[in-house]
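Okay, structure first, notes after.
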There are 2 protein chains.
Amino acid sequence: MGTTDDLFKKLKSFSEPELQAEILKHAKFLKANKGDILIKEGQYLNFLPIVIDGLLRVYQQNEDREILLYYVGPEQTCMMSLSSAYFDYYSTANGIAMEPSEILVLPAHLIAEWQLKYPSWNKFIINTYKSRYDELLNAFGSVAFKPIHVRVKEYLTEYVKNEGSNKIPISHQTLANELGTTRVVISRILKQMEQKKLVKLYRGYIQLKI
Amino acid sequence: MGTTDDLFKKLKSFSEPELQAEILKHAKFLKANKGDILIKEGQYLNFLPIVIDGLLRVYQQNEDREILLYYVGPEQTCMMSLSSAYFDYYSTANGIAMEPSEILVLPAHLIAEWQLKYPSWNKFIINTYKSRYDELLNAFGSVAFKPIHVRVKEYLTEYVKNEGSNKIPISHQTLANELGTTRVVISRILKQMEQKKLVKLYRGYIQLKI
DNA sequence: TGAGATAAGTATCTTTTGATACACACTATT
DNA sequence: AATAGTGTGTATCAAAAGATACTTATCTCA
């Protein structure tokens, strides 16, 4: 786990010493293995998870299809959990650990209390809502207006922009899930892109050209 | 405008007397006519509008298409404005008055200040984010997974559920805009629904059966 | 090494959605 | 009544997306 200092070096959002003390007092720490399901649709939560290390994937499922809502990385918390915990609503999404993850867990009732006491906590919460809302709005606009081949292109270029490498380690099936469509559709589009020399396809990864 | 008492009878969210006094001290009141455009994409805002009476429609536009994000009714504020004002971001949506509307306008810097001072204000802000997020998530799920004819049906039944009457006063073009598609598609679907005896079509309105 | 799992390629067919164009009806206004 | 604007019906065509089915390649691990 490391020392307290290490923890708040990672969780930079919480700058106030009093808040840090409170977090240490009330938090529990949880380790999740890759593939562990942390939240399910319909579930009520009475705690708030904040990721210290690792990555969670939050997605919705409809019968056979699923679609990515967002990822939760270090220093972030999960919107669905936040709503669920703050408002005593059930979650409308699933959360799964993509990597071995370390998670800080806080009792739900503290969320509202700290909101009034600690400006940095308050900002953290609002920031979470705002950035997730923006992400979702973006995704919504894409789904509503853009044909899939454009969304595929954007997904790939976005990935490359964030990760630096132009090799995207993702299977067609997984990409289909991210975009809410089926594997065959993705394979078809990627093949067309390859013919246009936009990508090169390999087993397990896609190389974006230029 | 009416008296102060009237105002806070409408804005029930703000129960604290101190908060009410602050609102009265800093607020300006704005009247919008039907069709007035209040927010445009790309615009920065330094104020937060809260609707007292009337209805605003917030939507996104892509070239020729547009799509509804949400409506803002009495006692509600506009997410896009909130983000824009709080975080000094530009708006990514448009807002237009659907009816003659009365709007309370607050300077942006007060949002964060009051967040720490007044629990009811804090709750108002969080509530706004949460409910808009849920709405959007819902819309997102629909667009991603459901064929248009289902979304049309849901739009109509939702309307009837909320308004009581089973006569929905909306043109095909407008409905197309709400759902992010084109008029011809809507006309076609409605005609099929009429043949299945699910609706009856009239000029300017749709009657939902059962 | 060989069996099973995962990944990818592809052909065929259907459905959904969109684009375009034109006709006609109703409404409001002059 | 003439006109313009809006609302609706509908036919035709094209494109996008999805469903299904079968094949081939690659990986993993017992």
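First the proteins, then the strands, lettered A, B, ... as listed; each starts at 1.
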Nucleotide nearest A:His172 when distance is taken to its side chain, options D:dG9, D:dA17, C:dG9: C:dG9
Working for side-chain hydrogen bond (donor to acceptor under 3.5 Å, both in side chains), residues B:Thr174 and B:Ser171: CA-CA 5 Å; B:Thr174 305; B:Ser171 75; 2.9 Å; yes
Whole-Å distance separating the CZ atom of B:Phe145 from the P atom of D:dA19: 12 Å
Close residues, residues 199-207 of chain A, relative to DNA chain C [heavy-atom separation under 4.0 Å]: A:Leu201, A:Tyr202, A:Arg203, A:Gly204
Atom-to-atom span, CD of A:Gln195 to P of C:dG9 - whole angstrom: 11 Å
Any A:Thr181 side-chain nitrogen or oxygen under 4.0 Å from OP1 or OP2 of D:dG18: yes
Helical bend (five base pairs per end, nearest 10°) for the helix from C:dT1-D:dA30 to C:dT30-D:dA1: 30°
Nearest-angstrom distance from the residue atom CD1 of B:Ile148 to C1' of D:dG18: 15 Å
Face-on cation placement of B:Lys130 at A:Tyr129 ring, 6.0 Å and 45° thresholds: no
Short side-chain donor-acceptor distance under 3.5 Å, A:Tyr155 and A:Glu178: yes
Closest listed nucleotide, where the reference is the side chain of A:Ser171 and the choices are D:dG7, C:dA8, C:dT16: C:dA8
Separation of D:dA17 P from A:Leu190 CG (nearest whole Å): 13 Å
Between D:dG7 (C1') and B:Leu175 (CG): distance, integer Å: 13 Å
A:Glu75 versus A:Ser13, side-chain donor and acceptor atoms under 3.5 Å: yes
Within-4.5 Å side-chain heavy-atom neighbours: A:Leu82 and A:Ile125: yes
From C:dA19, D:dA16, C:dA11, nucleotide with atom closest to B:Thr182 side chain: C:dA19
Heavy-atom check, side chain of A:Cys78 versus side chain of A:Tyr70, under 4.5 Å: yes
Option passing side chain to side chain contact (heavy atoms under 4.5 Å, CB included) with A:Ile103 (candidates A:Ile50, A:Asp53, A:Leu56): A:Leu56
Residues that A:Thr157 engages under side chain to side chain contact (heavy atoms under 4.5 Å, CB included), provided they are two or more places apart: A:Leu208
Spacing of B:Gln192 atom CD relative to D:dA11 atom P, expressed in whole Å: 12 Å
Nearest-nucleotide pick for B:Arg188, side chain only, options being D:dG18, D:dT12, D:dG9: D:dT12
Pairwise side-chain contact, A:Trp114 with A:Leu106, heavy-atom cut-off 4.5 Å (strictly under): yes
Spacing between B:Asn177 atom CG and D:dT6 atom P, to the nearest angstrom: 13 Å
Nearest-Å distance for atom pair CD1/C1', residues A:Ile189 and D:dA16: 9 Å
Residues A:Arg183 and A:Ser187: side-chain donor-acceptor under 3.5 angstrom: yes
Shortest side-chain distance from A:Val184, nucleotide among C:dT17, D:dA21, D:dA16: D:dA21
Residue A:Arg183, side-chain atoms from C-beta onward, closest of C:dA21, C:dA8, D:dT20: C:dA8
